[in-house]
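Since the model is a prediction, treat every value here as computed from it, not as a measurement. All chains are named by letter (A, B, ...) in the order of the sequence lines, taking the proteins before the strands, and each is independently numbered beginning at 1.
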Amino acid sequence: DTGVSQDPRHKITKRGQNVTFRCDPISEHNRLYWYRQTLGQGPEFLTYFQNEAQLEKSRLLSDRFSAERPKGSFSTLEIQRTEQGDSAMYLCASSFDGSYEQYFGPGTRLTVT
Amino acid sequence: AQSVTQPDIHITVSEGASLELRCNYSYGATPYLFWYVQSPGQGLQLLLKYFSGDTLVQGIKGFEAEFKRSQSSFNLRKPSVHWSDAAEYFCAVGAVPNDYKLSFGAGTTVTVRA
């Protein structure tokens, strides 16, 4: 088991561009979470999936953000019309259903210039 | 809603000395509590967790934590710090039944001096 992987690890984009991040969870895990971490802060919950169903979205997730997990395996997080305030580390985590133990990926660091 | 406070932003400790990181939570019932460690440029690694039972829990890398309901605390300790323990440490709480998202504190950065 290689753990949770995320791609890309770093992304620099210009304001107004769209970006998409990918997360591959641990294969047996059916829950997948997205968090955002800004400098000097802990991760903040964005959204989570149980299999392919998106069960909850934080109010932090504006209309410009969309997440999918089409086949209940990998997930994508898309940010449209990026803003400088979107600059952050985007973390993905996965867990077994019914478990609070979440395993995190290395994150994707987004810089919006 | 649950919340987590880590009062210390930054702690410097000498190698070989003991370390204690503070964590206070706010939640009406018994929460599920976690400590994670994050090295620069890396994701979060789970150090230990508390769900119920013995209030002193052991984790990886020689860390332990004690749950004190009366103080709403879950402090992390290590008797003897190694240079490789320099990292950022996050306390997290998962609280509402069937609501598995975690709420994190702002983190404590640990610097280890030789």
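Other residues, nucleotides and ligands place no more than 12 heavy atoms under 6.0 Å from the CG atom of A/L39. More than 12 heavy atoms of other residues, nucleotides or ligands lie within 6.0 Å of CG in B/L56, so this atom counts as buried by the packing criterion. The environment of A/R15 atom CZ is sparse: at most 12 non-hydrogen atoms of other residues, nucleotides or ligands sit within 6.0 angstrom. Counted within 6.0 Å of CD on B/Q58, heavy atoms from surrounding residues, nucleotides or ligands total more than 12; the atom is thus considered enclosed.
Once rounded to the nearest 0.5 Å, the distance linking CZ of B/F51 with OG of A/S99 reads 5.5 Å. Summarising the geometry, atom CD belonging to A/Q102 is positioned 7.5 Å from atom CZ belonging to B/F34; distances are rounded to the nearest 0.5 Å. Distance check, rounded to the nearest 0.5 Å: OH of A/Y48 to NZ of B/K101 gives 7.5 Å.
Residues A/I26 and A/L32 do not share a hydrophobic cluster, clusters being chains of Ile/Leu/Val/Met/Phe/Trp/Tyr side chains in contact below 4.5 Å. Under the 4.5 Å side-chain heavy-atom criterion for ILVMFWY residues, a single connected hydrophobic cluster contains both B/L76 and B/L19. With hydrophobic clusters built from ILVMFWY side chains whose heavy atoms lie under 4.5 angstrom apart, A/F49 does not share a cluster with A/V4. Both A/Y35 and A/Y100 are members of a single hydrophobic cluster when ILVMFWY side chains are connected at heavy-atom separations under 4.5 Å. Both B/V13 and B/W35 are part of a single hydrophobic cluster, where members link through side-chain heavy atoms under 4.5 Å apart.
Against chain B, the residues from residues 55-65 of chain A that qualify, each with a non-hydrogen atom under 4.5 angstrom away, are A/E56 in number order. Residues of residues 103-113 of chain A having a heavy atom under 4.5 Å from any heavy atom of chain B, listed by number: A/F104, A/G105, A/P106.
When all heavy atoms of B/G43 and A/L91 are compared, the pair lying nearest together is CA-CD2, 4.4 Å. The two residues A/Q41 and B/F90 make their nearest non-hydrogen contact at O-CE2, 3.7 Å.
Looking only at side-chain heavy atoms (C-beta outward), B/Y100 and A/S95 stay at 4.5 Å or farther from each other.
Heavy atoms of A/Q6 lying under 4.5 Å from chain B are absent altogether. For B/Q38, the part sitting under 4.5 Å from any heavy atom of chain A is the side chain, from C-beta outward, and nothing else. In this structure, chain A has heavy atoms under 4.5 Å from both the backbone and the side chain of B/L44. For B/L102, the parts lying under 4.5 angstrom from a heavy atom of chain A are both the backbone and the side chain.
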